[in-house]
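First comes the structure, then the notes that go with it.
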Amino acid sequence: MINITFPDQSVRQYEAGVSPLDIAKSISEGLARNVLAAKVNGKMWDATRAIGEDAEIQLFTWDDPEGKAAMWHSSAHLMAAAIEQLYKGVKFGIGPAIDNGFYYDIDTGDITLTEADLVNIEKKMLELARQKQVFERVDVCKADALKHFQDKGDEYKVELISELEDGTITYYKNGEFTDLCRGPHIPNTSFIKAVKLTSLAGAYWRGDEKRKQLTRVYGITFPKQKELDEYLVLLEEAKKRDHRKLGRELELFMFNDLVGKGLPIWLPKGTALRLRLQDYLTKIQQEYGYEQVITPHIGGKQLYVTSGHWDHYGADSFRPITTPEEGEEYLLKPMNCPHHCQIFKWKPRSYKDMPVRIAEFGTVYRYEQSGELHGLTRVRSFTQDDAHIFCRPDQVKDEFIRVMEIIEIIFKALDFKNFEAQISLRDPNDHEKYVGADENWAKAEAAIQEACIEKGLPAHVEYGEAAFYGPKLDFMVKDALGRKWQLGTIQVDYNLPERFDLSYIGADNEKHRPVMVHRAPFGSMERFVAVLLEHCAGEFPLWLAPDQVIILPVSEKYMNFAQNLQSYLKKSDIRALIDERNEKIGRKIRDAEMKKYPYMLIVGEKEEAENSVSVRRHGQVDLGSMSTEAFAEMIVKQVKEEQEKR
RNA sequence: GCCGAUGUAGCUCAGCGGUAGAGCACUUCCUUGGUAAGGAAGGGGUCGGGAGUUCAAUUCUCCCCAUCGGCUCCA
């Protein structure tokens with residue numbers, strides 16, 4: 001008999017060789033029907049795999065991320081099995097589970113898969129799934145494994161196996177399909193009830209662009225058709241919220257081939273929105289002791305040679321701008337930090353002046369690879385809500401806390417309720433590859449973690465993710481559809497102060513090296529507006545909406561009253577426009593709803609007589625009428641409350 | 001940059017070896033209205049660009065450009 005310990009620390013006894021599935025059965029039939037995988041003594045384990053010794057066990061169902069991973073990993077095998085049957089002679093790379101489903105990289109040889117093939121593969125997968133094929137785990141020795149895949153002619157698997165240690169190699173077989181795999185897998189294929197292959201893409205073997213490009217097939221599976229349907233609805237919803245679509249519909253921004261790819265143009269309404277965001281942040285930054293600056297869009301090449309960016313990124317950037325003058329070269333600025341370093345250096349700084357906080361909405365230009373461009377989220381020119389804080393080493397923690405406060409205010413005002421942080425620290429095994437003194441790093445890393453704890457910010461630590469020049473803290477928000485986006489960032493930099501030989505005079509009358517902190521609560525205006533658009537589906541908070549109110553006269557007879565109303569509202573800084581079209585009121589309401597204006601004011605005979613407005617809120621029905629004064633007061637109050645949601 | 005797909009009116013899209021169509025939007029007229037599409041008429045396209053095949057190319061082929069889905073990269 002062996003002792004099995006459950007997550008609640010209770011212990012039960014079982015025969016040696018019992019499987020997690022057997023254990024589940026002993027608890028309840030229902031659980032047994034749903035167990036997809038398990039963790040045994042900290043190792044991922046098949047539900048059907050025997051346990052030979054005392055163990056701590058955790059059972060996973062579809063509701064656990066681990067259960068989903070097992071399901072999707074098994075689905076990848078199922079898809080490979082289907083593809084192998086449909087298309088002879090294909091070779092397989094790797095096929096893992098991912099956040100939302102799975103993929104398999106396949107060398108299809110002379111065959112080109114198209115979207116149309118995906119439907120056939122889906123059908124085949126469902127056919128195989130219904131056969132209730134068991135996933136059988138087999139231990140193999142390296143020599144046999146190599147021989148098996150060499151005979152099959154699958155050089156990708158051979159390469160993978162040759163890198164594995166003998167004695168650790170396992171196959172999983174389902175039906176006629178055998179794959180190199182460490183598992184775990186679901187008990188059998190019948191759990192896979194609904195299949196959707198989502199897309200086809202090219203992917204380099206092992207992510208190396210010098211190697212062969214394989215065809216990557218993405219898919220997702222579910223234990224119930226209903227869940228697939230729900231997932232497809234979610235995808236539809238995401239499509240509706242696509243910021244590129246909303247950006248056009250709401251007339252916020254545009255792109256133009258003549259201007260150039262990846263170069264967004266902000267339209268009047270988009271600009272109004274962006275300026276409002278900038279003003280909001282500027283005001284907060286003033287409270288937090290920032291000084292606003294403006295620097296040119298280009299900088300001398302030598303600036304970037306000194307900063308080190310030229311060596312690092314110069315070859316993959318926009319080419320230098322030359323002038324009639326021999327040897328004179330400028331670069332479009334890819335970041336604002338070198339300029340700001342010059343501002344710090346411009347006059348002697350005392351320890352009493354620190355920290356110096358220099359802020360700029362700085363537009364930068366980066367030559368992103370053309371295939372990487374995407375709406376407003378990946379562009380070649382964007383404006384960072386940048387600031388650089390030059391401080392003493394003992395001030396790092398306090399500065400982090402202050403920046404975190406700003407980010408919190410911003411996120412709250414924009415209704416991002418869920419956010420968390422990722423702390424990126426050095427690779428503990430290799431301190432060599434980082435610049436800056438070891439003790440400073442240690443101090444800053446500790447400061448960041450303490451700051452998170454003090455602010456009660458949920459954060460997880462990633463080792464080895466720090467930049468070579470310093471540790472950082474990134475903010476991830478979850479939007480209304482539960483998607484995660486990386487927005488704000490705070491980064492410590494030991495590199496630039498060194499390269500630009502920045503210093504301040506300490507109390508000891510000696511020169512000291514300041515610590516530089518880069519930070520951008522929005523990240524970039526472009527990216528932030530994109531995320532905000534998708535988060536609120538274009539229904540901006542009232543304070544931000546480019547147009548807050550639309551006045552809908554019932555007929556042309558009331559146009560005069562509408563115009564007077566508009567100017568009256570303007571006195572209270574309420575942004576209102578009038579639908580002057582010769583259309584019926586029902587039509588005007590419909591169109592105003594589609595344009596997502598927060599408030600509609602219907603005005604006709606009655607309103608004119610009473611100097612009142614009939615109010616309708618976007619997405620709601622008639623709210624009844626109120627006096628024009630009461631309406632203006634209500635809007636002003638609401639805007640104020642939204643902005644002060646701190 | 002690489003793989004694949006796409007590119008037809010401002011938008012969403014249909015069509016096709018015989019040089020274009022719908023809906024919405026736009027303009028004008030009629031209607032002057034009360035909480036999600038009133039009616040009529042009209043204007044608008046070198047069918048992404050270039051070359052080739054053909055009696056004839058928006059349609060077929062090739063090359064470019066842009067967009068989309070991925071890969072890679074991200075100071």
Side-chain angles (χ1 to χ4, degrees), chain A residues 98 103 105 108 112-117 198-218 239 242 244-245 248-249 251 254-262 304 307-314 316-317 333-338 364-375 377-380 382 384 386 467-470 472 486 489 491 493 495-496 518 524 527 552-559 581-595 600-607 614-625:
Chain A
I98 52 179
Y103 67 78
D105 283 346
T108 52
T112 307
L113 287 182
T114 66
E115 304 271 328
D117 295 310
T198 44
S199 68
L200 274 173
Y204 297 109
W205 171 234
R206 315 204 89 177
D208 182 346
E209 63 179 299
K210 292 190 187 64
R211 306 196 62 176
K212 188 165 174 158
Q213 186 148 26
L214 307 179
T215 303
R216 177 169 295 181
V217 184
Y218 284 88
K239 233 188 207 169
D242 190 315
R244 292 165 299 182
K245 178 173 175 285
R248 187 173 47 236
E249 286 172 4
E251 301 180 14
M254 60 172 271
F255 289 90
N256 173 276
D257 289 355
L258 287 177
V259 172
K261 56 184 163 186
Y304 301 102
S307 72
H309 293 112
W310 174 254
D311 274 352
H312 235 272
Y313 298 102
D316 300 318
S317 300
K333 72 174 168 186
M335 76 287 295
N336 305 298
C337 355
V364 298
Y365 302 86
R366 297 182 185 177
Y367 187 77
E368 302 293 351
Q369 294 190 62
S370 63
E372 180 55 32
L373 301 174
H374 177 96
T377 57
R378 292 294 286 177
V379 287
R380 284 179 171 173
F382 56 97
Q384 297 177 307
D386 213 355
F468 75 91
Y469 51 80
K472 62 176 180 176
Q486 200 235 299
T489 178
Q491 306 189 3
D493 189 340
N495 185 42
L496 288 182
H518 310 249
S524 81
R527 186 177 165 80
L552 311 178
V554 169
S555 90
E556 287 170 359
K557 283 190 272 182
Y558 312 106
M559 203 59 79
R581 293 175 308 162
N582 179 5
E583 290 291 348
K584 288 191 170 176
I585 194 67
R587 178 51 181 274
K588 291 183 181 179
I589 287 170
R590 180 186 150 81
D591 289 347
E593 285 287 354
M594 308 265 274
K595 288 277 188 186
M600 282 155 271
L601 297 183
I602 291 97
V603 297
E605 190 180 354
K606 180 171 156 259
E607 287 76 16
S614 175
V615 183
R616 185 182 165 117
R617 174 92 227 219
H618 171 69
Q620 296 177 26
V621 288
D622 190 0
L623 298 182
S625 66

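A, B, ... follow the sequence lines: proteins, then strands. Residue 1 opens every chain. As the structure is a prediction and not an experimental result, all values here were calculated from the model.
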Touch check for [X], heavy atoms < 4.0 angstrom, all strands: base, sugar-phosphate only, or nothing?
| X | value |
| --- | --- |
| Gly586(A) | sugar-phosphate |
| Glu249(A) | nothing |
| His312(A) | nothing |
| Asp622(A) | base |
| Arg216(A) | sugar-phosphate |
| Lys606(A) | base |

Take atom [atom1] of [X] and atom [atom2] of [N], then tell me their distance rounded to the nearest Å.
| X | N | atom1 | atom2 | result |
| --- | --- | --- | --- | --- |
| Leu552(A) | G34(B) | CG | P | 14 Å |
| Leu496(A) | A75(B) | CG | P | 13 Å |
| Asp591(A) | G38(B) | CG | C1' | 13 Å |
| Tyr558(A) | G33(B) | OH | P | 6 Å |
| Leu214(A) | C2(B) | CG | P | 17 Å |
| Asn256(A) | G10(B) | CG | P | 13 Å |
| Tyr103(A) | G69(B) | OH | C1' | 15 Å |
| Tyr218(A) | G4(B) | OH | P | 16 Å |

Verify the contact: side-chain N or O of [X] to OP1 or OP2 of [N], cut-off strictly under 4.0 Å; return yes or no.
| X | N | value |
| --- | --- | --- |
| Arg244(A) | G69(B) | yes |
| His374(A) | G69(B) | yes |
| Lys557(A) | G33(B) | yes |

Using 30° and 60° as the class limits, which term best fits the ring planes of Phe468(A) and His312(A): parallel, tilted or perpendicular?
->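 Ring orientation, 0 to 90° scale: parallel.
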Minimum heavy-atom distance [X]-[Y], with the two atoms named:
| X | Y | result |
| --- | --- | --- |
| Lys245(A) | Lys239(A) | CD-O, 3.8 Å |
| Arg378(A) | Glu372(A) | CB-O, 3.2 Å |
| Tyr304(A) | Pro338(A) | CE2-CG, 3.9 Å |

Spacing of the [atom1] atoms in [M] and [N] (rounded, Å):
| N | M | atom1 | answer |
| --- | --- | --- | --- |
| A36(B) | A22(B) | P | 30 Å |
| A51(B) | U58(B) | P | 12 Å |
| U12(B) | G48(B) | P | 15 Å |
| A56(B) | G52(B) | P | 12 Å |
| A20(B) | A57(B) | P | 13 Å |
| C29(B) | A66(B) | P | 44 Å |
| U61(B) | U53(B) | C1' | 7 Å |
| U8(B) | A14(B) | C1' | 9 Å |

Which nucleotide, if any, forms a Watson-Crick or G-U wobble pair with [N], using both distances under 3.5 Å?
| N | answer |
| --- | --- |
| A51(B) | U61(B) |
| G4(B) | C68(B) |
| G23(B) | C11(B) |
| U46(B) | none |
| G34(B) | none |
| C73(B) | none |

Pair Arg616(A) + Asp622(A), salt bridge at N-O below 4.0 Å |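 A salt bridge is absent here (no side-chain N lies under 4.0 Å from a carboxylate O).
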Gap between atom CD of Glu593(A) and atom NE2 of His618(A) - 0.5 Å precision |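 Separation between the atoms: 5.5 Å.
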Look at the side chain of [X] and decide which nucleotide, out of [options], has an atom nearest to it.
| X | options | result |
| --- | --- | --- |
| Arg590(A) | A75(B), G1(B), A37(B) | A37(B) |
| Glu368(A) | C71(B), U35(B), C73(B) | C73(B) |
| Lys584(A) | C74(B), A36(B), G33(B) | G33(B) |
| Ile602(A) | G70(B), U35(B), G69(B) | U35(B) |
| Tyr313(A) | C74(B), U35(B), U72(B) | C74(B) |
| Glu372(A) | C73(B), G33(B), A36(B) | C73(B) |
| Ser370(A) | G34(B), G1(B), A75(B) | G1(B) |
| Tyr367(A) | G34(B), G1(B), G38(B) | G1(B) |

Distance-only donor-acceptor test, Glu607(A) side-chain atoms vs G34(B) base atoms, 3.5 Å |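 Indeed, a donor on one side and an acceptor on the other fall under 3.5 Å apart.
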Classify the side chain of Arg378(A) versus the base of C74(B) as yes if they form a donor-acceptor pair under 3.5 Å and no if they do not.
->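 Side chain to base: pair present.
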Checking [X] side chain against [Y] main chain: does a donor-acceptor pair fall under 3.5 Å?
| X | Y | result |
| --- | --- | --- |
| Lys588(A) | Arg581(A) | yes |
| Arg527(A) | Gln486(A) | yes |
| Lys595(A) | Glu249(A) | yes |

5' priority, RNA chain B, between Arg248(A) and Val615(A) [closest heavy atom] |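 Taking each residue's closest nucleotide, the earlier one in sequence belongs to Arg248(A).
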Along RNA chain B (nearest heavy atom to each residue), the more 5'-positioned of Gly624(A) and Glu556(A) |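 Result of the comparison: Glu556(A).
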